[in-house]
Amino acid sequence: MPELPEVETVRRGLEIAMQGHLLQAVLQRRPDLRRPFPPFFVERLTGRRVMALERRAKYLILRLDEDLALLIHLGMSGRLLITRQDESPPGKHDHVIFDLDTGVRVVFHDPRRFGAMDLTSASLIGDHPLLRDIGPEPLDASFTVKSLAPRLMKRSSAIKIVLLDQTVIAGIGNIYASEALFRAGIAPDRAADELRPFEIAKLVPAIKQVLTEAVAAGGSSLRDHRQPNGELGYFQHGFKVYDREGQPCPGCTCRTGILRKIQGGRSTFYCASKQR
DNA sequence: CGGCAAACCTGCGAGC
DNA sequence: TGCTCGCAGGTTTGCC
(Lines give C-alpha, C1' and ligand atoms only; values in the text may rest on other atoms or scores of the structure.)
Protein backbone atom coordinates (compact mmCIF):
# COMPACT_ATOMS: atom_id res chain seq x y z
CA MET A 1 0.00 0.00 0.00
CA PRO A 2 2.15 2.46 1.42
CA GLU A 3 4.31 5.45 0.92
CA LEU A 4 5.25 7.95 3.58
CA PRO A 5 1.74 9.46 4.02
CA GLU A 6 0.04 6.08 4.31
CA VAL A 7 2.62 4.75 6.77
CA GLU A 8 2.39 7.94 8.83
CA THR A 9 -1.39 7.52 8.90
CA VAL A 10 -0.96 3.98 10.18
CA ARG A 11 1.53 5.17 12.80
CA ARG A 12 -0.91 7.71 14.17
CA GLY A 13 -3.72 5.20 14.33
CA LEU A 14 -1.62 2.57 16.07
CA GLU A 15 -0.24 5.10 18.52
CA ILE A 16 -3.72 5.69 19.90
CA ALA A 17 -4.50 1.98 20.13
CA MET A 18 -1.16 0.62 21.35
CA GLN A 19 0.98 3.16 23.16
CA GLY A 20 1.44 2.33 26.84
CA HIS A 21 -0.23 -1.07 26.57
CA LEU A 22 1.03 -4.64 26.93
CA LEU A 23 1.31 -7.20 24.16
CA GLN A 24 -0.57 -9.89 26.00
CA ALA A 25 -0.54 -12.44 23.21
CA VAL A 26 1.08 -12.57 19.79
CA LEU A 27 0.06 -15.05 17.12
CA GLN A 28 2.32 -15.71 14.14
CA ARG A 29 0.31 -17.66 11.60
CA ARG A 30 2.97 -18.53 9.03
CA PRO A 31 6.77 -18.95 9.06
CA ASP A 32 7.63 -16.06 6.77
CA LEU A 33 6.57 -12.98 4.86
CA ARG A 34 9.18 -11.98 2.32
CA ARG A 35 11.73 -13.48 4.66
CA PRO A 36 11.47 -15.74 7.68
CA PHE A 37 10.37 -14.11 10.92
CA PRO A 38 13.28 -13.62 13.35
CA PRO A 39 13.90 -16.49 15.82
CA PHE A 40 11.65 -16.58 18.89
CA PHE A 41 9.51 -13.80 17.40
CA VAL A 42 6.45 -14.58 19.49
CA GLU A 43 8.38 -15.37 22.66
CA ARG A 44 10.38 -12.13 22.54
CA LEU A 45 7.29 -9.97 21.98
CA THR A 46 4.90 -11.53 24.43
CA GLY A 47 4.55 -9.48 27.60
CA ARG A 48 6.36 -6.42 26.22
CA ARG A 49 4.94 -2.94 26.68
CA VAL A 50 4.59 -0.60 23.70
CA MET A 51 6.44 2.57 24.66
CA ALA A 52 6.28 4.56 21.41
CA LEU A 53 5.40 4.35 17.72
CA GLU A 54 7.74 5.95 15.26
CA ARG A 55 8.17 6.04 11.50
CA ARG A 56 11.35 6.13 9.45
CA ALA A 57 10.87 6.26 5.66
CA LYS A 58 8.22 3.56 5.03
CA TYR A 59 9.10 1.59 8.15
CA LEU A 60 7.08 1.55 11.36
CA ILE A 61 9.10 1.24 14.54
CA LEU A 62 7.40 -0.01 17.69
CA ARG A 63 9.60 0.84 20.63
CA LEU A 64 9.02 -1.69 23.39
CA ASP A 65 10.34 -2.02 26.92
CA GLU A 66 13.43 -4.14 27.64
CA ASP A 67 15.28 -2.27 24.86
CA LEU A 68 13.40 -4.16 22.16
CA ALA A 69 12.10 -2.66 18.89
CA LEU A 70 9.75 -4.19 16.34
CA LEU A 71 10.36 -3.04 12.79
CA ILE A 72 7.47 -3.39 10.32
CA HIS A 73 7.33 -2.73 6.58
CA LEU A 74 3.99 -3.02 4.82
CA GLY A 75 5.36 -3.85 1.37
CA MET A 76 2.81 -3.31 -1.40
CA SER A 77 -0.32 -4.78 0.12
CA GLY A 78 0.20 -4.76 3.88
CA ARG A 79 -2.34 -3.31 6.31
CA LEU A 80 -2.47 -2.99 10.06
CA LEU A 81 -6.04 -2.97 11.28
CA ILE A 82 -7.39 -2.33 14.74
CA THR A 83 -10.16 -4.61 15.86
CA ARG A 84 -11.34 -6.37 19.02
CA GLN A 85 -10.35 -9.76 20.35
CA ASP A 86 -13.96 -10.90 20.42
CA GLU A 87 -14.51 -10.26 16.74
CA SER A 88 -14.43 -12.68 13.80
CA PRO A 89 -11.62 -15.26 13.47
CA PRO A 90 -8.54 -14.37 11.38
CA GLY A 91 -8.79 -14.57 7.60
CA LYS A 92 -6.52 -16.14 5.04
CA HIS A 93 -4.04 -13.25 4.80
CA ASP A 94 -4.06 -12.21 8.46
CA HIS A 95 -0.48 -13.24 9.19
CA VAL A 96 0.23 -11.74 12.62
CA ILE A 97 -2.15 -10.90 15.44
CA PHE A 98 -1.24 -8.68 18.37
CA ASP A 99 -3.62 -8.88 21.33
CA LEU A 100 -3.25 -6.09 23.87
CA ASP A 101 -4.20 -6.11 27.54
CA THR A 102 -7.03 -3.70 26.71
CA GLY A 103 -8.98 -6.14 24.55
CA VAL A 104 -7.77 -4.42 21.41
CA ARG A 105 -6.46 -6.60 18.60
CA VAL A 106 -4.11 -5.36 15.87
CA VAL A 107 -4.05 -7.53 12.75
CA PHE A 108 -1.29 -7.51 10.14
CA HIS A 109 -2.93 -8.42 6.82
CA ASP A 110 -0.85 -8.78 3.66
CA PRO A 111 -2.04 -10.80 0.64
CA ARG A 112 1.15 -10.40 -1.41
CA ARG A 113 3.49 -10.88 1.55
CA PHE A 114 6.00 -8.28 0.40
CA GLY A 115 5.92 -6.97 3.94
CA ALA A 116 8.61 -7.59 6.53
CA MET A 117 9.08 -7.68 10.29
CA ASP A 118 12.22 -7.79 12.36
CA LEU A 119 13.24 -7.44 16.00
CA THR A 120 16.23 -5.44 17.09
CA SER A 121 17.68 -3.37 19.90
CA ALA A 122 15.70 -0.17 20.45
CA SER A 123 18.75 1.83 21.45
CA LEU A 124 20.64 0.84 18.28
CA ILE A 125 17.69 1.13 15.92
CA GLY A 126 19.45 3.51 13.54
CA ASP A 127 22.18 0.95 12.94
CA HIS A 128 19.77 -1.68 11.69
CA PRO A 129 20.73 -2.78 8.16
CA LEU A 130 17.29 -1.88 6.81
CA LEU A 131 17.46 1.68 8.20
CA ARG A 132 21.16 2.45 8.16
CA ASP A 133 21.45 3.76 4.60
CA ILE A 134 18.13 5.58 4.34
CA GLY A 135 18.28 9.23 3.30
CA PRO A 136 16.76 12.32 4.93
CA GLU A 137 13.09 12.59 5.91
CA PRO A 138 11.50 15.00 3.43
CA LEU A 139 9.23 16.58 6.06
CA ASP A 140 12.13 17.41 8.37
CA ALA A 141 13.34 20.99 8.44
CA SER A 142 16.79 19.70 7.54
CA PHE A 143 15.52 18.59 4.11
CA THR A 144 16.37 21.60 1.98
CA VAL A 145 17.56 22.56 -1.49
CA LYS A 146 21.02 22.77 -0.01
CA SER A 147 20.89 19.22 1.35
CA LEU A 148 19.19 17.64 -1.69
CA ALA A 149 21.16 19.25 -4.50
CA PRO A 150 24.50 17.52 -3.82
CA ARG A 151 22.78 14.16 -3.67
CA LEU A 152 21.09 14.72 -7.03
CA MET A 153 24.37 15.87 -8.59
CA LYS A 154 25.82 12.39 -8.00
CA ARG A 155 23.12 10.64 -9.98
CA SER A 156 22.78 10.44 -13.74
CA SER A 157 19.49 8.47 -13.73
CA ALA A 158 16.11 9.98 -14.46
CA ILE A 159 14.83 12.14 -11.62
CA LYS A 160 11.70 9.97 -11.22
CA ILE A 161 13.91 6.93 -10.62
CA VAL A 162 16.13 8.84 -8.18
CA LEU A 163 13.14 10.09 -6.15
CA LEU A 164 12.22 6.44 -5.53
CA ASP A 165 15.69 5.68 -4.17
CA GLN A 166 15.28 5.53 -0.38
CA THR A 167 18.96 6.33 0.16
CA VAL A 168 18.42 9.71 -1.53
CA ILE A 169 15.09 10.70 0.09
CA ALA A 170 13.07 8.65 2.57
CA GLY A 171 9.49 7.63 1.99
CA ILE A 172 8.64 8.67 -1.58
CA GLY A 173 7.05 5.96 -3.72
CA ASN A 174 5.49 5.65 -7.13
CA ILE A 175 2.48 7.90 -6.54
CA TYR A 176 4.17 10.81 -4.84
CA ALA A 177 7.17 10.77 -7.21
CA SER A 178 4.84 11.50 -10.13
CA GLU A 179 2.79 14.00 -8.12
CA ALA A 180 5.82 15.93 -6.85
CA LEU A 181 7.37 16.20 -10.31
CA PHE A 182 4.11 17.48 -11.77
CA ARG A 183 3.82 20.13 -9.08
CA ALA A 184 7.45 21.13 -9.66
CA GLY A 185 6.99 21.27 -13.44
CA ILE A 186 9.91 18.91 -14.05
CA ALA A 187 9.80 16.16 -16.70
CA PRO A 188 10.27 12.71 -15.12
CA ASP A 189 13.02 11.58 -17.49
CA ARG A 190 15.34 14.51 -16.85
CA ALA A 191 18.74 13.37 -15.55
CA ALA A 192 18.96 14.16 -11.83
CA ASP A 193 22.43 15.63 -12.16
CA GLU A 194 21.31 18.01 -14.89
CA LEU A 195 18.60 19.75 -12.91
CA ARG A 196 19.28 23.45 -12.49
CA PRO A 197 19.28 25.05 -9.02
CA PHE A 198 16.00 26.86 -9.70
CA GLU A 199 14.39 23.53 -10.55
CA ILE A 200 15.58 21.88 -7.36
CA ALA A 201 14.25 24.96 -5.60
CA LYS A 202 10.81 24.08 -6.96
CA LEU A 203 11.13 20.36 -6.35
CA VAL A 204 11.84 20.53 -2.61
CA PRO A 205 8.71 22.49 -1.67
CA ALA A 206 6.66 20.42 -4.13
CA ILE A 207 7.70 17.25 -2.29
CA LYS A 208 6.99 18.76 1.12
CA GLN A 209 3.65 20.13 0.01
CA VAL A 210 2.26 17.00 -1.61
CA LEU A 211 3.35 14.77 1.28
CA THR A 212 1.96 17.17 3.87
CA GLU A 213 -1.40 17.37 2.11
CA ALA A 214 -1.53 13.60 1.75
CA VAL A 215 -0.78 13.02 5.44
CA ALA A 216 -3.56 15.47 6.32
CA ALA A 217 -5.94 13.47 4.12
CA GLY A 218 -5.10 10.17 5.83
CA GLY A 219 -3.10 8.96 2.81
CA SER A 220 -4.47 7.60 -0.46
CA SER A 221 -6.77 4.59 -0.75
CA LEU A 222 -6.48 2.93 -4.15
CA ARG A 223 -6.70 -0.78 -3.49
CA ASP A 224 -5.44 -1.93 -0.14
CA HIS A 225 -4.79 1.05 2.02
CA ARG A 226 -7.02 1.61 5.00
CA GLN A 227 -6.35 3.66 8.05
CA PRO A 228 -6.00 1.34 11.05
CA ASN A 229 -9.57 2.19 12.08
CA GLY A 230 -10.80 0.91 8.73
CA GLU A 231 -11.56 4.32 7.25
CA LEU A 232 -10.34 5.19 3.78
CA GLY A 233 -7.75 7.86 3.16
CA TYR A 234 -8.93 10.39 0.62
CA PHE A 235 -5.85 11.93 -0.98
CA GLN A 236 -6.54 9.94 -4.17
CA HIS A 237 -9.02 12.72 -4.90
CA GLY A 238 -6.07 15.13 -4.74
CA PHE A 239 -4.04 13.34 -7.44
CA LYS A 240 -3.24 15.59 -10.36
CA VAL A 241 -1.58 12.96 -12.57
CA TYR A 242 -1.31 9.56 -10.88
CA ASP A 243 -3.60 6.98 -12.54
CA ARG A 244 -5.13 9.70 -14.72
CA GLU A 245 -3.79 8.67 -18.13
CA GLY A 246 -5.81 10.26 -20.94
CA GLN A 247 -7.52 12.79 -18.71
CA PRO A 248 -7.07 16.53 -19.19
CA CYS A 249 -4.07 18.09 -17.51
CA PRO A 250 -5.21 20.07 -14.45
CA GLY A 251 -2.33 22.50 -14.90
CA CYS A 252 -2.51 23.62 -18.53
CA THR A 253 -4.64 23.60 -21.66
CA CYS A 254 -2.60 21.12 -23.70
CA ARG A 255 -4.51 18.77 -25.98
CA THR A 256 -2.47 15.70 -25.03
CA GLY A 257 -3.52 15.54 -21.39
CA ILE A 258 -1.93 13.17 -18.90
CA LEU A 259 0.48 10.64 -20.36
CA ARG A 260 1.82 7.41 -18.94
CA LYS A 261 5.24 5.94 -19.56
CA ILE A 262 7.24 3.10 -18.02
CA GLN A 263 10.40 3.95 -16.10
CA GLY A 264 12.30 1.25 -14.27
CA GLY A 265 9.41 -1.09 -14.96
CA ARG A 266 6.87 1.14 -13.22
CA SER A 267 4.27 3.61 -14.48
CA THR A 268 5.04 7.31 -14.47
CA PHE A 269 2.23 9.82 -15.06
CA TYR A 270 3.01 13.32 -16.33
CA CYS A 271 2.08 16.20 -18.59
CA ALA A 272 4.56 16.76 -21.42
CA SER A 273 3.62 20.44 -21.69
CA LYS A 274 3.65 21.52 -18.11
CA GLN A 275 6.66 19.39 -17.18
CA ARG A 276 9.91 20.22 -18.97
C1' DC B 1 29.85 1.78 -7.22
C1' DG B 2 25.97 2.74 -10.78
C1' DG B 3 22.32 0.99 -13.51
C1' DC B 4 18.97 -2.22 -14.87
C1' DA B 5 16.09 -6.43 -15.09
C1' DA B 6 14.21 -10.01 -12.54
C1' DA B 7 12.37 -11.97 -8.55
C1' DC B 8 9.41 -12.26 -4.63
C1' DC B 9 3.53 -13.03 -4.14
C1' DT B 10 -1.71 -12.69 -4.73
C1' DG B 11 -5.79 -10.53 -6.56
C1' DC B 12 -8.50 -8.03 -9.76
C1' DG B 13 -10.29 -6.08 -13.97
C1' DA B 14 -10.22 -6.16 -19.03
C1' DG B 15 -10.59 -8.60 -23.10
C1' DC B 16 -11.52 -12.65 -25.76
C1' DT C 1 -18.67 -18.60 -17.62
C1' DG C 2 -13.86 -19.08 -17.75
C1' DC C 3 -9.42 -18.37 -19.35
C1' DT C 4 -5.09 -15.40 -20.06
C1' DC C 5 -2.79 -11.12 -19.65
C1' DG C 6 -1.41 -7.04 -17.57
C1' DC C 7 -1.10 -4.43 -13.74
C1' DA C 8 -0.62 -3.08 -8.69
C1' DG C 9 1.42 2.70 -2.79
C1' DG C 10 8.12 -1.95 -2.63
C1' DT C 11 12.58 -3.78 -1.94
C1' DT C 12 16.35 -6.99 -2.75
C1' DT C 13 19.43 -9.53 -5.56
C1' DG C 14 22.30 -10.66 -9.15
C1' DC C 15 24.52 -9.57 -13.34
C1' DC C 16 27.03 -6.27 -16.51
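The sequence lines fix the lettering, A, B, ..., with proteins before strands; numbering per chain opens at 1.
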(request) Determine the interplanar angle of the A:Phe108 and A:His95 rings, folded into 0 to 90°, and report it as parallel if under 30°, tilted if 30 to 60°, perpendicular if over 60°. (result) tilted
(request) Establish, with yes or no, whether the OP1 or OP2 oxygen of C:dC7 is under 4.0 angstrom from a side-chain nitrogen or oxygen of A:Arg266. (result) no
(message) Distance check needed: B:dG2 C1' versus A:Asp165 CG, whole Å only.
(response) 10 Å
(request) In whole angstrom, give the distance that lies between atom CG of A:Leu33 and atom C1' of C:dG10. (result) 14 Å
(request) Starting at atom CG of A:Asp133, determine the distance to atom P of C:dT13, rounded to an integer number of angstrom. (result) 13 Å
(request) Between B:dG3, C:dG10, B:dG11, spot the one nearest the side chain of A:Arg155, thanks. (result) B:dG3
(request) Describe the nucleic acid contact of A:Lys58 in one word from base, sugar-phosphate, nothing, applying a heavy-atom distance below 4.0 Å. (result) sugar-phosphate
(request) Classify the side chain of A:Arg112 versus the base of B:dC9 as yes if they form a donor-acceptor pair under 3.5 Å and no if they do not. (result) yes
(request) Take the protein atom CZ of A:Phe108 and the nucleotide atom C1' of B:dC9, then report the distance between them rounded to whole Å. (result) 13 Å
(message) Taking only side-chain N and O atoms of A:Lys92, does any of them lie within less than 4.0 angstrom of OP1 or OP2 on B:dG11?
(response) yes
(message) Could you tell me how far apart A:Met117 (CE) and C:dT11 (P) are, to the nearest whole angstrom?
(response) 16 Å
(request) Using Watson-Crick or G-U wobble geometry with both distances below 3.5 Å, tell me the partner of C:dG2, or none. (result) B:dC16
(request) Take atom P in B:dC9 and the same atom in C:dG14, then report the distance between them in whole Å. (result) 15 Å
(request) Check whether A:Met153 and A:Ile161 end up in the same hydrophobic cluster, where Ile, Leu, Val, Met, Phe, Trp and Tyr are linked by side-chain heavy atoms less than 4.5 Å apart. (result) no
(request) Output yes when at least one side-chain N/O atom of A:Arg260 is less than 4.0 Å from OP1 or OP2 of C:dC7, else no. (result) yes
(request) Using only side-chain N and O atoms of A:Ser156, determine if any of them is under 4.0 Å from OP1 or OP2 of B:dG2. (result) no
(message) Side chain of A:Gln166 only, heavy atoms from C-beta on: which candidate in C:dC7, C:dT11, C:dT12 is closest?
(response) C:dT11
(message) Are there over 12 heavy-atom neighbours, none belonging to A:Arg35, within less than 6.0 Å of that residue's CZ?
(response) no
(message) Rounded to whole Å, how long is the line connecting atom CG of A:Leu60 with atom C1' of C:dG10?
(response) 14 Å
(message) Once you apply a heavy-atom cut-off of 4.0 Å, does A:Arg34 come out as touching a base, just sugar-phosphate, or nothing?
(response) base
(message) I'd like to know if the side chain of A:Lys202 reaches the main chain of A:Arg183, judged simply by a donor and an acceptor atom lying under 3.5 Å from each other, with no hydrogens or angles considered.
(response) no
(message) With nearest nucleotide decided by heavy atoms, which residue, A:Lys154 or A:Gly265, maps closer to the 5′ end of DNA chain B?
(response) A:Lys154
(message) Is the phosphate of B:dG11 approached by A:His93 (side-chain N or O, under 4.0 Å from OP1 or OP2)?
(response) yes
(request) Looking at every strand, decide which applies to A:Gly173 at a 4.0 Å heavy-atom threshold: base, sugar-phosphate, or nothing. (result) sugar-phosphate
(request) State whether A:Lys58 and A:Glu3 are salt-bridged, where the test is any N-O pair (Lys NZ or Arg NE/NH1/NH2 against Asp/Glu carboxylate O) under 4.0 Å. (result) no
(message) Between C1' on C:dA8 and CG on A:Asn174, what's the gap in Å once rounded to a whole number?
(response) 9 Å
(message) Just the rounded figure in Å: distance from P of B:dG11 to CZ of A:Arg113.
(response) 9 Å
(message) For the base of B:dC8 and the side-chain ring of A:Phe114, does the geometry meet a stacking cutoff of under 5.5 Å between centres and under 30° between planes?
(response) yes
(message) Pairing donors with acceptors under 3.5 angstrom, does anything connect the side chains of A:Thr167 and A:Asp133?
(response) no
(request) Considering just the side-chain nitrogens and oxygens of A:Arg30, establish if one lies under 4.0 Å of OP1 or OP2 belonging to B:dC9. (result) no
(message) Students often get this wrong, so: under 4.0 angstrom with heavy atoms, is A:Leu130 touching a base, only sugar-phosphate, or nothing?
(response) sugar-phosphate
(message) Strictly below 4.0 Å: does A:His73 bring a side-chain N or O up to OP1 or OP2 of C:dT11?
(response) yes
(message) What's the separation between atom CZ in A:Arg56 and atom CG in A:Leu130, rounded to the nearest 0.5 Å?
(response) 12.5 Å
(message) Is the phosphate of B:dT10 approached by A:Ser77 (side-chain N or O, under 4.0 Å from OP1 or OP2)?
(response) no
